[in-house]
Number of protein chains: 2
Amino acid sequence: MELLSTNVCFDGEHRRYRHTSKTVNGDMEFAVFLPPSAVGREPKAVPVLYWLSGLTCTDQNFMQKAGAQKLAAKLGLAIVCPDTSPRGLNLPGEDDSYDFGSGAGFYINATEEPWAAHYRMYDYVVSELPALVEQALPVTDQRSISGHSMGGHGALICALKNPGLYRSVSAFAPIANPTECAWGQKAFRGYLGDDQSRWEEWDATLLIPTARERLPLLVDQGTADEFLDSQLNPDALADVCEKFHHHINLRMHRGYDHSYFFIASFIEDHLNHHARALGLA
Amino acid sequence: MELLSTNVCFDGEHRRYRHTSKTVNGDMEFAVFLPPSAVGREPKAVPVLYWLSGLTCTDQNFMQKAGAQKLAAKLGLAIVCPDTSPRGLNLPGEDDSYDFGSGAGFYINATEEPWAAHYRMYDYVVSELPALVEQALPVTDQRSISGHSMGGHGALICALKNPGLYRSVSAFAPIANPTECAWGQKAFRGYLGDDQSRWEEWDATLLIPTARERLPLLVDQGTADEFLDSQLNPDALADVCEKFHHHINLRMHRGYDHSYFFIASFIEDHLNHHARALGLA
């Protein structure tokens, strides 16, 4: 694991690392924010919030734009941001569109060629990355997960598919029902093939009926989000949660859009939500 | 004045505008954050903090990365971010380097050709932009000014040269003595010519002895700033302030660098400094 850069931030440290991933068969970069308590003279292991970003993002968007570090520093919470896909593999079509391939791994395990050997972002996020981070950095095995848009979808499925792995989950403007929208269908067809029955295990809305752990869902959504009607469909998720008595707090925020200006406005509510579950607040 | 975009942010609004500037003889873009009190059903005029960004920046870097909106929303403070130069003029050499021409206007009025007709960012910032903003937006004529690096230099000279125009001034890692560093010398030679006596009126350190208004200076500087030794020289500014009894609060922050992670860590101190001067806190 190679340290690429360090920036002091709110008396903690923002670091970027590169490592060779066995899961995706290639190099991956990620960012971590370590609060002051984890980097002082007597470093203390702290719990981790994993943040999954949306289409086109790298590990940097959240760290630069969400304004999360101030409260994370105060709470004593680390934040880990993986990239949104493998990169630079020279697979055919890898860089042809913003919503498939590079920057668009969708946090699933691809089964179709040529993606199957590399596009395994689900395994990377739920297994390899936490193991690496917990071995190399001053963090505990207490984890929470959140994300935005494609990453909101990712956070929800990672939590729903892994009872006990996370203490809490939340999402901003998640692609809540990807089997029913264009972004999800394009990605699932490309990574998983035409058999739609194989898409279902990667759709949060379809996972709710059989979820073995009733982790409450905190979901924030802007009413002026340019993708709300065409891609996101939080109502489908809320409806199935209601039907199956899975607690969801879906907060609709009047006038807010899909940007980081929306995320920044409510990120502290999410950090406090996770901090409570992690015993920090 | 054309509205390019609006994002709701902390219940206020982040907006971007384009207008044709008489001062720079071309189109300019700027960003503004209006707090909730200025955009509600009964909008109230609020004071303005002008933020001047550093080399290579546009109006967007501060708005996306500094994390200033939360406190500005609470205080009832507008923030206006101009661009760092005219752009797209097709002047010879305009885009050849990161530290001269586009993105590097240095907040001075050029006298050398071909820059003299356009690179008049000083007049733009102290005259045309405030007049425009105060005519078109729900803001008062109570102004403060701050900035980073090249923009910290800009904030200091704008305040020092215009007694009464600003209620308060501050800077992050300013180019404090530009006539004595490579960035400043390159810019001043290019925009003002070889006669170094004509550079002096654009150097904060050289303006202190004759400053007619003793506005206290708040200056934050990271000790791990990669440009501290070669370009910034806050000690020269602090020394002349001490000699001429001009109040300066130069805060050296151990381990912080030149990035927005540094700015974000201390922006709220600066907002509170300006809010007190503007009667908001």
Side-chain angles (χ1 to χ4, degrees), chain A residues 4-16 31-36 39-41 57 60-74 79 81 172-173 220-226 228 251-269 271, chain B residues 4-16 31-36 39-41 57 60-74 79 81 172-173 220-226 228 251-269 271:
Chain A
L4 302 176
S5 63
T6 300
N7 308 94
V8 176
C9 184
F10 288 99
D11 290 346
E13 290 187 14
H14 166 256
R15 300 181 191 167
R16 299 189 67 235
V32 57
F33 173 72
L34 293 170
V39 296
R41 282 169 189 269
C57 289
Q60 283 298 283
N61 302 64
F62 180 84
M63 289 298 191
Q64 295 182 354
K65 296 183 175 179
Q69 291 93 344
K70 183 185 178 186
L71 183 56
K74 189 177 163 192
I79 303 174
C81 296
F172 288 83
D220 276 352
Q221 174 63 58
T223 63
D225 188 320
E226 55 271 41
L228 174 54
R251 310 192 307 178
M252 300 300 292
H253 298 284
R254 184 175 165 81
Y256 285 84
D257 60 27
H258 202 64
S259 71
Y260 266 89
F261 293 110
F262 163 56
I263 298 171
S265 299
F266 300 102
I267 189 65
E268 293 200 346
D269 289 353
L271 296 184
Chain B
L4 300 176
S5 63
T6 300
N7 309 94
V8 176
C9 183
F10 288 100
D11 289 346
E13 291 186 15
H14 166 256
R15 300 181 191 167
R16 299 190 67 235
V32 58
F33 174 71
L34 293 170
V39 296
R41 282 170 189 266
C57 290
Q60 283 299 283
N61 301 66
F62 180 83
M63 289 299 191
Q64 295 182 353
K65 297 183 176 180
Q69 290 94 342
K70 182 185 179 189
L71 183 56
K74 188 176 163 194
I79 303 174
C81 296
F172 288 82
D220 276 352
Q221 174 64 56
T223 63
D225 188 320
E226 55 272 40
L228 174 54
R251 311 193 306 179
M252 299 300 292
H253 298 283
R254 184 175 166 83
Y256 285 84
D257 60 27
H258 202 64
S259 72
Y260 265 89
F261 294 109
F262 163 55
I263 298 172
S265 299
F266 300 102
I267 190 65
E268 293 199 346
D269 289 353
L271 296 184

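Below, chain A is the first sequence line, B the second, and so on; all start at residue 1. All of these numbers come straight from a predicted model, not from anything done at the bench.
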Problem - Best-contacting candidate, Glu13(B), Arg254(B), Glu268(B), His253(B), against chain A by heavy atom pairs under 4.5 angstrom - result: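 Max contact count across the listed options: Glu268(B).
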Completion exercise
In short, Asp257(A) meets Thr6(B) closest at the heavy-atom pair OD2-O, 4.0 Å
Handout entry: Which atom of Phe261(A) lies closest to which atom of Met63(B), heavy atoms considered
Key =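 Smallest interatomic distance, heavy atoms only, reads CE2-O, 3.5 Å.
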Practice task
Enter the distance from Asn7(A):CG to Ser265(B):OG here, rounded to the nearest 0.5 Å.
Solution key: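 OG of Ser265(B) is found 9.5 Å from CG of Asn7(A).
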Handout entry: Euclidean distance, Ser259(A) OG relative to Gln64(B) CD, rounded to 0.5 Å
Key = 8.5 Å
Exercise for the section: Sequence neighbours left out, what passes side-chain contact (heavy atoms from CB on, under 4.5 Å) with Val8(B)? Give chain and number order. Expected result: Tyr256(A)
Exercise for the section: Kindly indicate whether the side chain of Lys70(B), heavy atoms from C-beta on, has any atom under 4.5 Å from the side chain of Lys70(A). Expected result: no
Practice task
Could you tell me which residues satisfy salt bridge (charged side-chain N to carboxylate O under 4.0 Å, His left out) with Lys65(A), sequence neighbours excluded, listed by chain and number?
Solution key: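 With sequence neighbours excluded, Lys65(A) shows a salt bridge (charged side-chain N to carboxylate O under 4.0 Å, His left out) to no residue whatsoever.
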Fill in the blank from the handout: Given Ala73(A), Gly67(A), Ala264(A), the one with more heavy-atom pairs under 4.5 angstrom with chain B than any other is Ala264(A)
Handout entry: Portion of Phe10(B) that has a non-hydrogen atom of chain A nearer than 4.5 angstrom
Key = both
